[in-house]
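Down below is the structure, laid out as structure tokens.
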Amino acid sequence: MDVQTELGEFLRSRRARLRPEDTGLPAYGGRRRVPGLRREELAQLAGVSAGYYTRLEQGQSGNASDAVLDAVARVLRLDEAECAHLYTLARPKPKTRGRAARPEQVRPGVRLMIESLGDVPALVLGRFTDVLAWNRAAHALLAGHLDFDAPGRPADRPNIARMLFLDPHMRALYDDWPRKARSTVADLRLIAGRYPDSPELASLVGELSMASQEFAKLWSAHAVADCETDARIYHHPLVGEMTLLAEFMALPKDDGQRVAVFNAEPGSPSEAALRLLAGAFPITD
């Protein structure tokens with residue numbers, strides 16, 4: 001991923017969603033050549049010269065100050081995740097000398113933690129949404145049709161983004177699949193800004209862009225956001241409808257890894273369904 005190109009495309013996509021009248025500028029009649037704000041209009045509102053903003057959008061102002069970036073973010077009405085993404089793209093980390101990437105591993109303590117949750121589905125996501133480990137309940141909820149031991153084999157690891165777009169079982173699981181798809185791609189965009197030189201991520205994005213027009217369209221929109229934690233409705237082929245709340249927790253000692261836990265309201269039919277589901281996939285070791 002070329003960071004300069006990504007920065008320009010991100011800023012242009014954010015400009016395109018604003019109309020002059022949204023920002024207090026007069027909306028003159030006639031057809032505009034570009035959707036949304038022009039570069040010079042944004043520069044005026046941010047208090048910088050048009051030339052300076054153009055260089056920023058072209059990735060030629062690597063020393064942009066906090067004040068400038070904050071002003072641009074304010075004019076573009078960026079949310080917290082979008083602001084973080086802007087800073088990441090505007091100030092990329094120096095490239096490191098290429099080394100063969102080692103397969104991600106899960107610390108034993110983290111593995112024991114998710115296994116101890118019993119009927120509560122929990123899994124460990126790698127930095128690029130690979131499933132590094134899951135407990136029996138998470139396996140039963142998300143991918144009971146796959147080998148439970150697959151996350152332990154780097155070449156066979158399930159990948160949540162890939163499954164969401166290419167695995168019909170995963171697509172059928174979500175009551176509102178389009179919303180889940182938008183959330184996943186926005187999260188992957190945020191990750192891409194943090195790891196611009198990753199060949200693994202570039203390969204994943206390339207594969208999904210070629211295999212799924214839906215993914216390619218969402219990726220080109222440059223939406224960025226953290227994973228949503230709102231309640232979602234799941235349609236499981238064995239236990240039917242469940243309403244679950246997913247929480248994502250970053251592991252500070254493990255670069256980019258997160259734990260995802262799926263909970264149901266205590267005493268609800270969804271909680272009973274989770275217990276039933278866990279019983280359908282007993283531990284056989």
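Below, all heavy atoms of this structure are taken into account, side chains as well, without hydrogens, waters or symmetry copies. Numbers for residues simply follow the sequence, beginning at 1.
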CZ on Arg179 to OG1 on Thr184, rounded to 0.5 Å: 11.0 Å
Centroid separation Phe10 to His222 less than 6.0 Å: no
Test side chain to side chain contact (heavy atoms under 4.5 Å, CB included) applied to Val68 and Tyr52, step by step: CA-CA 10 Å; Val68 168; Tyr52 183 90; 3.7 Å; yes
Glu41 and Val75: CA distance, side-chain angles, deciding distance, side chain to side chain contact (heavy atoms under 4.5 Å, CB included) verdict: CA-CA 10 Å; Glu41 291 171 333; Val75 174; over 6 Å; no
Side-chain donor or acceptor of Ser209 paired with backbone N/O of Gly206 under 3.5 Å: no
Verdict with supporting geometry, Leu141 and Leu244, side chain to side chain contact (heavy atoms under 4.5 Å, CB included): CA-CA 11 Å; Leu141 171 65; Leu244 304 177; 3.9 Å; yes
Residue among Val106, Leu142, Val259 satisfying side-chain contact (heavy atoms from CB on, under 4.5 Å) with Leu123: Leu142
Separation between CG of Leu164 and CG of Leu173, rounded to the nearest 0.5 Å: 9.5 Å
Leu86 side chain near Leu11 side chain, heavy-atom distance below 4.5 Å: yes
Contacts of Pro158 that satisfy side chain to side chain contact (heavy atoms under 4.5 Å, CB included) - sequence neighbours left out: Val131, Trp134, Leu146, Ala150, Pro151, Met163
Validation row: Thr243, Arg232 side chains within 4.5 angstrom (heavy atoms): no
Single-linkage hydrophobic cluster Phe128~Val110, side-chain heavy atoms < 4.5 angstrom: no
Trp219 side chain near Leu188 side chain, heavy-atom distance below 4.5 Å: yes
Gap between atom CG of Leu218 and atom CG of Leu208 - 0.5 Å precision: 11.0 Å
Heavy-atom closest pair, residues Leu76 and Arg17: O-NH2, 3.6 Å
NZ/NE/NH1/NH2 to OD/OE distance under 4.0 Å, Asp187 and Arg258: yes
Side chains of Tyr234 and Asp175 in contact at under 4.5 Å (non-hydrogen atoms): no
Cluster overlap Val185 with Tyr195, hydrophobic side-chain contacts below 4.5 Å: yes
Donor-acceptor contact present, side-chain Arg189 to main-chain His85, <3.5 Å: no
Donor-acceptor contact below 3.5 Å, side chain Ser220 vs main chain Lys217: yes
Under the ring pair (Phe, Tyr, Trp, His ring centres under 6.0 Å) test, residues paired with Phe248 that sit two or more places apart: none
Side chain to side chain, Val72 and Leu78, heavy atoms closer than 4.5 Å: no
Set of ring pair (Phe, Tyr, Trp, His ring centres under 6.0 Å) partners for His169, sequence neighbours left out: His145
Arg12: partners by side chain to side chain contact (heavy atoms under 4.5 Å, CB included), with sequence neighbours left out: Glu9, Arg15, Arg39, Glu57
Ala73 versus Cys83, closest heavy-atom pair with distance: CB-SG, 3.7 Å
Minimal non-hydrogen separation, Ala137 against Gly118, with atom names: CB-O, 3.6 Å
Nearest-0.5 Å distance, CG of residue Leu251 to CD of residue Gln257: 6.0 Å
Presence of salt bridge, Asp156 and Arg153, under 4.0 angstrom: yes
Nearest heavy atoms of Ser65 and Arg91, plus distance in Å: C-NH2, 3.4 Å
Ile114 reachable from Leu277 in the ILVMFWY side-chain graph, under 4.5 Å edges: no
Atom of Arg74, atom of Ala46 and distance for their closest heavy-atom approach: NH2-CA, 4.2 Å
Summary of side chain to side chain donor-acceptor pair (under 3.5 Å) pairs that have at least one residue in residues 115-133, sequence neighbours excluded: Thr129-Asn159, Asp130-Asn159
Ion pair Glu214/Arg171, N-O distance below 4.0 Å: yes
Short side-chain to backbone donor-acceptor contact, Tyr87 and Asp66, under 3.5 Å: yes
Any residue meeting ring pair (Phe, Tyr, Trp, His ring centres under 6.0 Å) with Phe165, in chain and number order, not counting sequence neighbours: Trp177, Phe215
Close side-chain approach of Glu271 to Asn263, heavy-atom, < 4.5 Å: no
Check: Ser203 side chain, Pro199 main-chain N or O, donor-acceptor pair, under 3.5 Å: no
Check: Leu274 and Val120 side chains under 4.5 Å, non-hydrogen atoms: no
Spatial distance of atom CG (Leu37) from atom CG (Leu45) [nearest 0.5 Å]: 6.5 Å
Sub-4.5 Å side-chain heavy-atom contact between Leu132 and Gln105: no
Ile160 side, atom CD1; Asp167 side, atom CG - distance, nearest 0.5 Å: 10.0 Å
Transitive ILVMFWY side-chain link Tyr174 to Val261, under 4.5 Å: no
Phe148 reachable from Phe262 in the ILVMFWY side-chain graph, under 4.5 Å edges: yes
Residue pair Ala133 / Arg111: nearest heavy atoms and the distance that separates them: CB-NH1, 3.7 Å
Salt-bridge contact Arg194-Asp255 (side-chain N to carboxylate O under 4.0 Å): no
